[in-house]
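Just below is one structure, and these are the notes that go with it.
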Amino acid sequence: MYKKLIKILVLFAVCLAASACKVAPDEDATYKVETGEVENSVYDISEAMKKSYNNKYNFRNIKILRDYLFEMTPFISYNGVKLSDATKDDIQQYLLELAPESTSYIDAQIAFLVSNGNTLLYFSSETSESMKRWVYIQKE
């Protein structure tokens with residue numbers, strides 16, 4: 001009986017260790033960064049959509065927001081895939097170029113990206129006050 005209990009505990013410990021390894025983020029992951037610009041009214045709708053998700057701001061819902069923004073982005077304002085096979089450091093450098101004063105916000109978004117697999121960020125447009133820049137990042 002005692003040996004059987006030890007075997008069960010060892011098996012349980014091995015299962016826990018295996019699960020813990022799968023939860024750890026992939027440090028060698030690469031990401032795709034896509035960007036475009038939309039009218040402020042489109043941005044407002046996307047923010048309302050985000051709020052309607054309540055606490056379910058997950059991979060699927062972020063992808064839905066990206067698809068909406070992509071559809072509403074005029075062809076001339078779509079900058080396409082800015083980076084592919086990008087590392088976390090590449091992404092951080094790119095985002096800091098867009099908003100150098102937002103270091104803590106960018107760090108938090110990168111942490112969310114690593115745990116969630118994708119994220120969507122908004123920045124002021126460089127071309128017009130009536131536009132917002134969206135940046136979608138997804139693990140490849």
Side-chain angles (χ1 to χ4, degrees):
M1 173 77 175
Y2 181 71
K3 288 182 181 182
K4 195 174 190 178
L5 181 60
I6 289 179
K7 286 181 183 179
I8 291 171
L9 288 174
V10 168
L11 182 61
F12 181 70
V14 169
C15 289
L16 281 177
S19 295
C21 290
K22 291 179 184 177
V23 172
D26 182 6
E27 291 298 320
D28 297 329
T30 59
Y31 302 87
K32 172 181 77 169
V33 180
E34 180 181 18
T35 185
E37 291 191 5
V38 293
E39 293 287 332
N40 284 334
S41 59
V42 173
Y43 163 75
D44 292 340
I45 292 170
S46 70
E47 280 296 288
M49 290 170 64
K50 179 180 173 181
K51 287 179 184 170
S52 74
Y53 296 143
N54 296 322
N55 293 330
K56 294 184 171 107
Y57 194 58
N58 55 29
F59 187 95
R60 179 180 168 272
N61 291 339
I62 293 170
K63 184 75 168 158
I64 290 169
L65 287 172
R66 177 264 170 215
D67 292 345
Y68 168 72
L69 291 167
F70 177 78
E71 290 297 320
M72 300 306 292
T73 300
F75 178 73
I76 196 165
S77 298
Y78 179 67
N79 296 321
V81 176
K82 296 298 268 185
L83 301 169
S84 63
D85 294 327
T87 65
K88 287 188 307 184
D89 291 338
D90 296 334
I91 293 166
Q92 184 170 27
Q93 182 179 357
Y94 173 69
L95 296 176
L96 285 171
E97 289 171 11
L98 294 175
E101 70 285 351
S102 302
T103 306
S104 60
Y105 170 72
I106 290 170
D107 290 343
Q109 289 300 312
I110 289 174
F112 178 77
L113 167 65
V114 169
S115 67
N116 192 62
N118 69 351
T119 192
L120 180 64
L121 299 95
Y122 300 99
F123 297 95
S124 298
S125 169
E126 299 162 357
T127 58
S128 172
E129 289 184 16
S130 66
M131 305 282 278
K132 284 279 192 211
R133 171 176 297 283
W134 57 268
V135 177
Y136 176 75
I137 308 169
Q138 181 176 322
K139 184 177 178 180
E140 292 186 315

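Heads up: numbering here begins at 1 and tracks the sequence.
Phe112 is listed as a side-chain neighbour of Tyr57, based on a closest heavy-atom distance under 4.5 Å. Side-chain contact between Arg133 and Asn79 is present, with at least one heavy-atom pair separated by less than 4.5 Å. Using a 4.5 Å heavy-atom threshold, the side chains of Thr35 and Phe123 count as separate. Taking 4.5 Å as the limit, some side-chain heavy atom of Asp107 sits within range of a side-chain heavy atom of Gln92.
In terms of modelled atom types and a separation under 3.5 Å, the side chain of Asn116 and the main chain of Asn118 share a donor-acceptor contact.
Judged purely by distance below 3.5 Å, without hydrogens or angles, the side chains of Glu129 and Asn40 never pair a donor atom with an acceptor atom. A side-chain donor from one of Asp90 and Thr87 sits under 3.5 Å from a side-chain acceptor of the other. In this structure, a donor-acceptor pair under 3.5 Å is present between the side chains of Trp134 and Thr73.
Remark: Thr119 OG1 to Gln138 CD distance equals 11.5 Å, nearest 0.5 Å. Leu98 contributes atom CG, which lies 10.5 Å from atom OG of Ser125 (distance to the nearest 0.5 angstrom). The CD atom of Glu71 sits 8.0 Å away from atom CZ of Arg66, with the distance rounded to the nearest 0.5 Å. With rounding to the nearest 0.5 Å, the separation of OH in Tyr53 from CZ in Arg60 is 7.5 Å. Considering CD1 of Ile106 and CD of Glu97, their distance stands at 10.0 Å, rounded to 0.5 Å.
Here the shortest heavy-atom pairing between Ser46 and Tyr122 reads OG-OH, 2.9 Å. The two residues Ile62 and Tyr136 come nearest to each other via the heavy atoms CG2-CE1, 3.8 Å. In plain terms, the two heavy atoms of Ser128 and Ser130 that are nearest each other are OG-OG, 2.9 Å. What you find for Glu37 and Pro74 is that their closest heavy atoms are O-CD, 3.6 Å. In plain terms, the two heavy atoms of Thr103 and Pro100 that are nearest each other are OG1-O, 3.6 Å. Heavy-atom minimum distance, Lys50 versus Leu65: CB-CD1, 4.0 Å.
In the hydrophobic clustering of this structure, Met131 does not group with Tyr78; members are Ile, Leu, Val, Met, Phe, Trp, Tyr whose side-chain heavy atoms approach within less than 4.5 Å, directly or through other members. Val33 and Leu96 fall within the same hydrophobic cluster, where Ile, Leu, Val, Met, Phe, Trp and Tyr residues are linked whenever their side-chain heavy atoms come under 4.5 Å apart, directly or through other members. A continuous path of ILVMFWY side-chain contacts below 4.5 Å connects Tyr43 to Ile64, so both sit in one hydrophobic cluster. Following chains of ILVMFWY side-chain contacts shorter than 4.5 Å, one can reach Leu83 starting from Val114, so the two form part of one hydrophobic cluster. In this structure, Ile137 is not a member of the same hydrophobic cluster as Leu120, with clusters built from ILVMFWY side-chain heavy atoms closer than 4.5 Å.
A cation-pi arrangement is not found for Lys88 relative to Tyr31, the charged atom failing to lie both closer than 6.0 Å to the ring centre and inside a 45° cone about the ring normal.
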